[in-house]
Amino acid sequence: MIGLTTYLEQAQTGVWDVQAAFLPKVYFEAITRAGGIAVLLPPQPVSEEIANRVLDGLDGLLITGGKDVDPARYGQEPHPTTDTPRTDRDAWEDALLTAAISRELPFLGICRGAQVLNIARGGTLHQHLPEIIGTDKYQLGGGTFSRVDVEADADSSVGRLVGTDPLEVAVYHHQAIDRVGEGLRVTARTDDGVIQAVELEGVPFGVAVQWHPEQTGDDLRLFAGLVDAARDYHRAEAAR
């Protein structure tokens with residue numbers, strides 16, 4: 001049973017134009033194709049108690065992509081290009097992830113999810129990569145994903161799952177990890193040094209990638225890694 005966090009945005013369907021929780025199908029389809037059961041987790045008021053009650057029913061957690069995290073969470077003023085904060089989602093995902101880490105529940109972060117993890121561990125972000133690397137190749141705009149090559153470390157969960165040869169991945173981000181959070185290890189980069197994966201040390205499966213594996217429908221390896229770890233977690237909890 002894998003919980004996936006969702007967006008909360010203005011959305012239109014038929015005659016209705018309302019605030020709605022939603023998640024692109026490619027996310028939960030990747031989980032189900034990898035053998036998991038997808039449960040959607042929309043932003044809502046949260047406390048430590050609520051977060052733990054939610055996780056009681058889950059075997060794994062996926063922090064999905066979306067809008068930029070509020071820079072106030074890592075002590076910065078917003079860059080002009082930074083999205084208007086979704087503070088309810090920031091708080092929801094931070095609480096779920098913090099509780100998941102505490103109980104060693106397997107988790108995977110994707111794009112924004114990698115940034116949420118880094119901030120939760122005390123790290124910071126580059127708020128606008130073009131000012132750092134001189135190109136907008138990681139976010140072309142218009143909903144068009146770029147393709148870049150990443151290389152993963154051999155002695156990492158990412159490396160064991162996707163291999164260590166250059167891997168072409170889909171990206172759509174104008175921010176990236178700057179100062180790495182406590183307990184996190186960088187396990188994949190692009191050739192310009194931009195961090196593309198981090199892993200939390202000391203837990204069975206705590207992986208986050210800056211790219212969008214859900215956009216590559218024929219490569220489910222990261223999702224399979226999460227589902228396999230969640231299955232092991234479920235069995236261990238059932239045996240307690």
Side-chain angles (χ1 to χ4, degrees), residues 1-9 11 20-43 54-55 57-67 89 92-93 96-97 100-101 105-118 138-139 143-152 156-173 187-188 190 195-200 203-235:
M1 194 78 72
I2 310 296
L4 297 84
T5 58
T6 77
Y7 296 65
L8 181 60
E9 300 287 340
F22 71 93
L23 187 68
K25 179 183 177 182
V26 287
Y27 281 103
F28 53 85
E29 188 174 60
I31 289 296
T32 58
R33 289 178 62 203
I37 302 169
V39 178
L40 301 190
L41 305 173
V54 170
L55 296 187
L58 299 177
D59 308 307
L61 178 67
L62 174 55
I63 306 294
T64 61
K67 298 288 187 178
R89 186 176 179 189
W92 175 240
E93 293 182 335
L96 290 175
L97 187 56
I101 290 170
L105 184 90
F107 66 85
L108 173 64
I110 292 178
C111 196
R112 167 189 162 92
Q115 297 169 5
V116 169
L117 171 62
N118 191 58
Y138 290 107
Q139 190 180 80
T144 299
F145 286 87
S146 303
R147 298 280 172 172
V148 299
D149 287 343
V150 302
E151 292 190 32
S156 68
S157 294
V158 172
R160 286 186 287 274
L161 288 169
V162 305
T164 57
D165 292 335
L167 176 69
E168 186 181 77
V169 299
V171 293
Y172 198 88
H173 61 95
T187 57
T190 40
I195 295 171
Q196 290 290 338
V198 291
E199 299 179 21
L200 180 61
V203 298
F205 191 91
V207 173
V209 297
Q210 186 63 70
W211 72 86
H212 283 272
E214 80 283 357
Q215 296 298 321
T216 310
D218 58 348
D219 186 352
L220 298 172
R221 290 176 290 182
L222 287 172
F223 299 101
L226 173 62
V227 170
D228 287 346
R231 186 178 294 113
D232 291 342
Y233 177 88
H234 178 80
R235 289 170 178 164

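A quick note: this is a predicted structure, and the numbers were derived from the prediction, not measured.
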Completion exercise
Minimal heavy-atom distance between Val209 and Ala197, with the atoms involved, is CG1-CB, 4.0 Å
Completion exercise
CG of Leu220 to CG of Leu161, rounded to nearest 0.5 Å, is 12.0 Å
Exercise for the section: Take Glu9 and Lys67 through the side chain to side chain contact (heavy atoms under 4.5 Å, CB included) test and state the conclusion after the steps. Expected result: CA-CA 10 Å; Glu9 300 287 340; Lys67 298 288 187 178; 3.7 Å; yes
Handout entry: Heavy-atom side-chain proximity of Tyr233 to Leu105 below 4.5 angstrom
Key = yes
Practice task
Check whether any side-chain heavy atom of Ile2 sits under 4.5 Å from a side-chain heavy atom of Ile31, and report yes or no.
Solution key: yes
Handout entry: CA sep, side-chain torsions, deciding dist, call: Leu167, Asp149, side chain to side chain contact (heavy atoms under 4.5 Å, CB included)
Key = CA-CA 5 Å; Leu167 176 69; Asp149 287 343; over 6 Å; no
Problem - Contact check, side chains of Leu4 and Val39, non-hydrogen atoms, under 4.5 Å - result: no
Handout entry: Donor-acceptor side-chain pairing of Gln210 and Gln115 below 3.5 angstrom
Key = yes
Handout entry: Sub-4.5 Å side-chain heavy-atom contact between Leu23 and Phe28
Key = yes
Practice task
Kindly give the heavy-atom pair with the smallest separation between Ala34 and Val227, and that separation in Å.
Solution key: O-CG1, 3.7 Å
Exercise for the section: Please round to the nearest 0.5 Å and tell me the distance separating atom CG of Leu61 and atom CZ of Phe205. Expected result: 11.5 Å
Practice task
Would you check if the side chain of Glu199 reaches a backbone N or O of Val158 as a donor-acceptor pair within less than 3.5 Å?
Solution key: yes
Handout entry: Nearest atoms (heavy-atom pairs only) where Gly163 meets Ala152
Key = O-CB, 3.9 Å
Completion exercise
Minimal heavy-atom distance between Ala21 and Thr6, with the atoms involved, is CB-OG1, 3.7 Å
Exercise for the section: Give, for atom CD of Gln139 and atom OG1 of Thr144, the distance between the pair rounded to the nearest 0.5 Å. Expected result: 10.5 Å
Handout entry: Leu226 CG to Ser157 OG distance, which is reported to the nearest 0.5 Å
Key = 11.0 Å
Handout entry: CD1 on Ile195 to OG1 on Thr190, rounded to 0.5 Å
Key = 9.5 Å
Problem - Ile110 and Ile63, any side-chain heavy atoms less than 4.5 Å apart - result: no
Practice task
Would you check if there is a donor-acceptor pair between the side chains of Thr64 and Arg89 at a distance under 3.5 Å?
Solution key: yes
Handout entry: Separation between CD of Gln215 and CZ of Phe145, rounded to the nearest 0.5 Å
Key = 3.5 Å
Problem - Under 3.5 Å donor-acceptor, Asp219 side chain and Arg221 backbone - result: yes
Handout entry: Verdict with reasoning, Val169 to Thr216, per side chain to side chain contact (heavy atoms under 4.5 Å, CB included)
Key = CA-CA 8 Å; Val169 299; Thr216 310; over 6 Å; no
Practice task
Could you tell me whether the side chain of Asp59 and the main chain of Met1 form a donor-acceptor pair under 3.5 Å?
Solution key: yes
Handout entry: Sub-4.5 Å side-chain heavy-atom contact between Pro43 and Tyr7
Key = no
Exercise for the section: Please confirm whether the backbone N or O of Gly159 pairs with a side-chain atom of Ser156, one donor and one acceptor, at under 3.5 Å? Expected result: yes
Practice task
Please check if the side chain of Arg147 supplies one atom and the backbone of Glu168 the other of a donor-acceptor pair under 3.5 Å.
Solution key: no
Problem - Least distance between heavy atoms, Ala188 atom then Trp211 atom - result: CB-CZ3, 4.4 Å
Handout entry: Electrostatic pair Arg112-Glu93, nearest N-O below 4.0 angstrom
Key = yes
Problem - Test item: Arg33 and Phe223 side chains (from C-beta on) under 4.5 Å apart, heavy atoms - result: no
Practice task
Taking the side chain as every heavy atom from C-beta outward, state whether Phe107 and Leu97 have any pair of such atoms under 4.5 Å apart.
Solution key: yes
Exercise for the section: Keeping the roles fixed (side chain from Tyr172, backbone from Gly143), state whether a donor-acceptor pair exists under 3.5 Å. Expected result: yes
Practice task
Begin from the C-alpha positions of Leu117 and Ile101 and carry the test side chain to side chain contact (heavy atoms under 4.5 Å, CB included) through to its verdict.
Solution key: CA-CA 10 Å; Leu117 171 62; Ile101 290 170; 4.1 Å; yes
